Amino acid sequence: GDYISFVDSDDYIDEELYKNLACYMEQDYDLIKFRINTVDESEKIIKQYKSEVFEKLSGEEAFNLLFSSEEMLEPSCGYIYNLKFWNESKFKFEKGLYHEDFGLTPLVIIKAKRVASIDFYGYNYVQTSNSITRGNNNNLKRALDLIVHYNNMIIFLNQNTFSKKTAENIKIYYTNCLILKANELTGKDKEIYINKIKKMKL
């Protein structure tokens, strides 16, 4: 097909999602954003993530708008992607690393030439009893993988040309995520992680 989307096996999409995206796909957008619900196992909505609504923005304009409004940027499941744009840009998720969405999605946004964001809750992220405890495993590895993604982001910026504002904002976004991750760690893990990010001189 002409577009690709990512749906985790635990989650589900609204049956009207792709119908609502069709007019944008016909206009050859590189990237189309929609809204995400967090739901429980009985499909009751726990939280709704709002996002800015816009059309015909460049990737840099879209990122800077979403960044300034403190949006959830990184879940890859909240977008549909033009497959030609994806393949030509040679995007790929890093294998063997946690937070692979964080590592890639912001970079996909800023590289896009044409982005839209629609007012439709099309994706349902299911919070199960397992998903609450799942994140407590390998906490240090999860944190250290963020550093790998940060370093990949720096390489990406050096290999592409963006405005000074966009480059600064994407660095701020990744840096804030790295610093906040320390709050999820305790004891020796926290000490190891903080020492590593201090040495990076973010």
Side-chain angles (χ1 to χ4, degrees), residues 1-89 91-93 99-132 134-135 149 162 165-166 169-170 172-174 176-177 180:
D2 296 324
Y3 281 80
I4 186 170
S5 62
F6 302 102
V7 183
D8 288 346
S9 59
D10 293 340
D11 305 333
Y12 60 96
I13 59 171
D14 189 287
E15 61 185 15
E16 296 291 315
L17 174 60
Y18 298 126
K19 180 179 178 180
N20 279 271
L21 296 174
C23 65
Y24 298 95
M25 290 189 274
E26 289 166 1
Q27 296 177 60
D28 207 32
Y29 273 85
D30 289 334
L31 193 64
I32 309 157
K33 188 180 193 300
F34 42 89
R35 295 180 171 179
I36 297 175
N37 291 319
T38 297
V39 300
D40 63 20
E41 292 168 279
S42 62
E43 301 187 5
K44 180 182 177 182
I45 295 174
I46 301 169
K47 184 174 182 178
Q48 291 189 308
Y49 293 94
K50 292 184 178 180
S51 56
E52 296 283 347
V53 176
F54 55 81
E55 296 182 9
K56 299 178 183 177
L57 293 186
S58 70
E60 292 192 53
E61 290 170 332
F63 177 84
N64 291 323
L65 176 62
L66 296 170
F67 170 83
S68 63
S69 58
E70 299 182 356
E71 296 286 351
M72 269 184 61
L73 294 177
E74 65 267 19
S76 60
C77 57
Y79 302 82
I80 190 167
Y81 309 83
N82 185 303
L83 192 58
K84 182 180 178 182
F85 159 65
W86 181 277
N87 288 334
E88 287 180 350
S89 302
F91 291 127
K92 63 178 181 179
F93 294 104
H99 306 299
E100 64 274 22
D101 293 25
F102 166 79
L104 184 62
T105 307
L107 308 183
V108 176
I109 298 171
I110 64 172
K111 190 81 184 280
K113 290 184 174 63
R114 208 153 173 263
V115 183
S117 177
I118 69 169
D119 179 16
F120 184 76
Y121 285 94
Y123 192 92
N124 297 284
Y125 171 62
V126 180
Q127 278 276 290
T128 65
S129 53
N130 286 335
S131 62
I132 294 169
R134 189 169 54 201
H149 292 309
F162 301 106
K165 178 182 178 182
T166 300
N169 283 346
I170 198 118
I172 291 168
Y173 181 76
Y174 275 73
N176 285 343
C177 290
L180 289 171

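Note that the structure is a prediction, hence the values are computed from the model and not measured.
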Side chains of Tyr3 and Ile32, heavy atoms from C-beta outward: is any pair under 4.5 Å?
yes
Run the side chain to side chain contact (heavy atoms under 4.5 Å, CB included) check on Tyr29 and Leu21 step by step: do they pass?
CA-CA 10 Å; Tyr29 273 85; Leu21 296 174; over 6 Å; no
side-chain contact (heavy atoms from CB on, under 4.5 Å) with Asn176: which residues, sequence neighbours excluded?
Ile172
Main chain of Leu65, side chain of Ser68: is a donor-acceptor contact present, judged purely on distance under 3.5 Å?
yes
Please tell me if the side chains of Thr105 and Tyr79 come closer than 4.5 Å, counting only heavy atoms from C-beta onward.
yes
Could you grab the distance from atom CG of Asn124 to atom CG of Asp10, nearest 0.5 Å is fine?
13.0 Å
Asp11 side chain to Val126 main-chain N or O, any donor-acceptor pair under 3.5 Å?
yes
Which pairs, with at least one residue in residues 99-119 and sequence neighbours excluded, count as a salt bridge (Lys or Arg N to Asp or Glu O under 4.0 Å)?
Arg35-Asp119
Between Ile36 and Pro75, what is the shortest heavy-atom contact and its length?
CD1-CB, 4.0 Å
Who pairs with Ser9 by side-chain contact (heavy atoms from CB on, under 4.5 Å), at least two apart in sequence or on another chain?
none
Which donor-acceptor pairs under 3.5 Å do the side chains of residues 46-62 make with protein atoms, sequence neighbours left out?
unit_1, atom_1, unit_2, atom_2, d
Gln48, NE2, Asn37, OD1, 3.1
Glu55, OE2, Tyr24, OH, 3.2
Ser58, OG, Glu61, N, 3.1
Ser58, OG, Glu61, OE1, 3.4
Glu60, OE1, Ser163, N, 3.1
Glu60, OE1, Ser163, OG, 3.0
Glu60, OE1, Thr166, OG1, 2.6
Glu61, OE1, Ser58, N, 2.8

Is the closest side-chain heavy-atom distance between Leu104 and Ser76 below 4.5 Å?
no
Looking at residues at least two apart in the chain, or sitting in another chain, which of them share a side-chain contact (heavy atoms from CB on, under 4.5 Å) with Asp14?
Glu16, Phe120
Out of curiosity, Phe34 CZ to Leu17 CG, how far, rounded to the nearest 0.5 Å?
4.5 Å
Side chains of Tyr18 and Ile13: closer than 4.5 Å at any heavy-atom pair?
yes
Roughly how far, to the nearest 0.5 Å, is CD1 of Ile170 from CD1 of Ile109?
7.5 Å
Can you check ring pair (Phe, Tyr, Trp, His ring centres under 6.0 Å) on Phe91 and Phe85, steps first, answer last?
CA-CA 9 Å; Phe91 291 127; Phe85 159 65; 5.5 Å; yes
Is His149 reaching over with its side chain to a backbone N or O of His99, donor-acceptor style, under 3.5 angstrom?
yes
Using only atom types and a distance under 3.5 Å, with no angle test, would you say the side chain of Tyr81 pairs donor to acceptor with the backbone of Phe6?
no
Please give me the minimum heavy-atom distance between Leu31 and Ala112, naming the atom from each residue.
CB-CB, 4.4 Å
Counting distance only, does the side-chain N/O of Asp40 pair as donor-acceptor with the main-chain N or O of Ser42 below 3.5 Å?
yes
What one should report as the nearest heavy-atom pair of Tyr173 and Pro106 is CE2-CG, 3.8 Å
Rounded distance (nearest 0.5 Å) linking atom CG of Asn169 with atom CG of Asn64:
4.5 Å
Decide yes or no for Asp30 and Val108: does some side-chain heavy atom of the first lie under 4.5 Å from some side-chain heavy atom of the second?
no
Not counting sequence neighbours, which residues clear side-chain contact (heavy atoms from CB on, under 4.5 Å) with Lys92? List them please.
none
Taking the ring of Tyr174 and the ring of Phe102, is the distance between their centroids below 6.0 Å?
yes
Inter-residue atom distance Ile80.CD1 - Asn82.CG, 0.5 Å rounding:
9.5 Å
Regarding Ser5 and Tyr123, do their side chains bring together a donor and an acceptor under 3.5 Å, going by distance alone?
no
